[in-house]
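Note on naming: letters A, B, ... go to the chains in the order of the sequence lines (proteins, then strands), and numbering restarts at 1 for each one.
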There are 2 protein chains.
Amino acid sequence: MDTPELTSTLDLMRWVGWAQRKAGEDWVRERDLSFEQAFALGYLVRNPGAIQRDLAQITRTSAASVSSLLQGLERRGLVERRTERGDERSKRVHATPAGAELVAGFDTAMAASDETILSPLDESERATLHALLQKITAELPRPTRS
Amino acid sequence: MDTPELTSTLDLMRWVGWAQRKAGEDWVRERDLSFEQAFALGYLVRNPGAIQRDLAQITRTSAASVSSLLQGLERRGLVERRTERGDERSKRVHATPAGAELVAGFDTAMAASDETILSPLDESERATLHALLQKITAELPRPTRS
DNA sequence: TGTTGACAGTTAGAGTTCTAACGGTTAGCT
DNA sequence: AGCTAACCGTTAGAACTCTAACTGTCAACA
């Protein structure tokens, strides 16, 4: 059986999304990270002191998912979660130096993968694709903080 | 905090994929199904007697995931898995009448959601988007049977 | 016929994700 | 000050997903 016939536009988009994730998996596996962990770590390196709800929104997941994910990272000493004076409700999350070091290069690797995925298109086509996607997403539901 | 700045093309695609999934969730929740279950059931209704590996490929998941998913559906009497004479290795999977009835309308509901998502684009723009995506996916790794 | 490689499905263990429920904190209003 | 609503993170339980390992079946070849 060959690859099944994928004909709908949204099917194609999901396939692209899958391919992107696949492309990142060799990178993360070498470091004993999951894709989600690497993404979260990368975000925390760029946004030190983010609260968990921020991460839930960025990843379009739930508070429970983030809590669980960070629990695993914290257990490995890759992040730290602390409340700060003045706000005992929210925990500020930081990548540790070990975490930052482990995830260094992930963004670069993913950008390279993205470039490979888009390589069949020239600059004009890429701009067109981007504009169309922006038109679509302008009308999409915003990821709320669930 | 408002919606984070999503600027990359692939970020936008992932957002569209997320929105599509979100759109289907009210429908499946009413029937006490997960999105994955509804998708698998729908596939099996259209492809009676498919083997599990087929489903793994269609969904770009693993044999283990399919095994687990179908176990849940079988427990609820929504699918049946049987080997057929002449091939004791592969299990042929069928949606039961109850399963078929429960998932009836899912494809229609999803098509309507897709239409809503694409509604900001006119016919010409849709054709352009589709062509660009086809160009990209023509070079993508094929989902193998993992 | 016998052997080998490919194929199929399952299990174990771990991670991710969900909903619902919960307890705690903060902000805004009266 | 007191109340209420919103916000935050966690837990429980279940489902989905992965890899690795395993057992069993089938196909091809010598």
Taking the six-membered ring of B:Trp27 as reference, does the NZ or CZ atom of B:Arg31 fall below 6.0 Å from its centre and within a 45° cone about the axis? yes

Side chain of A:Thr61 only, heavy atoms from C-beta on: which candidate in C:dA20, D:dC26, C:dT17 is closest? C:dT17

Out of C:dA8, C:dT19, C:dT17, whichever nucleotide has its closest atom nearest the side chain of B:Arg53: C:dA8

Please determine whether a side-chain nitrogen or oxygen atom of B:Gln52 lies at a distance below 4.0 Å from atom OP1 or OP2 of C:dT10. yes

Between C:dG24 atom P and A:Asp87 atom CG, what is the distance in whole Å? 17 Å

Quick check: on DNA chain C, is the nucleotide nearest B:Ala50 upstream (toward 5') of the one nearest A:Ser34, or the reverse? Name the residue that is more 5'. B:Ala50

In whole Å, I'd like the distance from the CD atom of B:Glu36 to the C1' atom of D:dA14. 13 Å

B:Thr128 side chain vs B:Ser124 backbone, donor-acceptor pair below 3.5 Å: yes

Of all the choices, C:dT19, D:dG9, C:dT16, which nucleotide is nearest to the side chain of B:Arg29 once you look at every atom? C:dT19

Which whole-number value in Å describes the distance from B:Lys91 NZ to D:dT23 P? 17 Å

A:Arg89 atom CZ is separated from D:dT10 atom C1', nearest whole Å, by 16 Å

Among A:Arg81, A:Lys91, A:Gln57, find the one that has a side-chain hydrogen bond (donor to acceptor under 3.5 Å, both in side chains) with A:Gln52. A:Arg81

Within this structure, what is the CD-to-P distance between B:Gln57 and C:dC7, rounded to whole angstrom? 12 Å

For a side-chain hydrogen bond (donor to acceptor under 3.5 Å, both in side chains) check, start with the C-alpha distance between A:Glu88 and A:Thr83, then their side-chain angles and the critical distance, and finish with the verdict. CA-CA 5 Å; A:Glu88 295 298 323; A:Thr83 57; 3.2 Å; yes

Using only atom types and a distance under 3.5 Å, with no angle test, would you say the side chain of A:Asp54 pairs donor to acceptor with the backbone of A:Ile51? yes

Of all the nucleotides listed (C:dC18, D:dT19, C:dG9), which has the minimum atom distance to the side chain of A:Ser65? C:dC18

Tell me whether the side-chain N/O atoms of B:Gln71 come closer than 4.0 Å to OP1 or OP2 in C:dG9. no

A:Leu78 has an atom CG; how far is it from atom P of C:dG15, in whole Å? 12 Å

Of the listed D:dC8, D:dA12, C:dT16, the closest approach to the A:Ser90 side chain comes from D:dC8

Let me know the distance between CD1 of B:Ile51 and P of C:dA8, rounded to the nearest Å. 4 Å

Per nearest nucleotide of DNA chain D, the residue lying toward the 5' end, A:Arg92 or A:Arg21, is A:Arg92

Name the residue closer to the 5' end of DNA chain D, choosing between A:Trp18 and A:Ser68 according to the nucleotide with the nearest heavy atom. A:Ser68

Using a heavy-atom cut-off of under 4.0 Å over every strand shown, decide if A:Arg75 touches base, sugar-phosphate, or nothing. sugar-phosphate

Less than 4.0 angstrom between a side-chain N/O of B:Gln37 and OP1 or OP2 of D:dC16, yes or no? yes

Round to a whole Å and report the spacing from CD of A:Glu25 to C1' of C:dG15. 13 Å

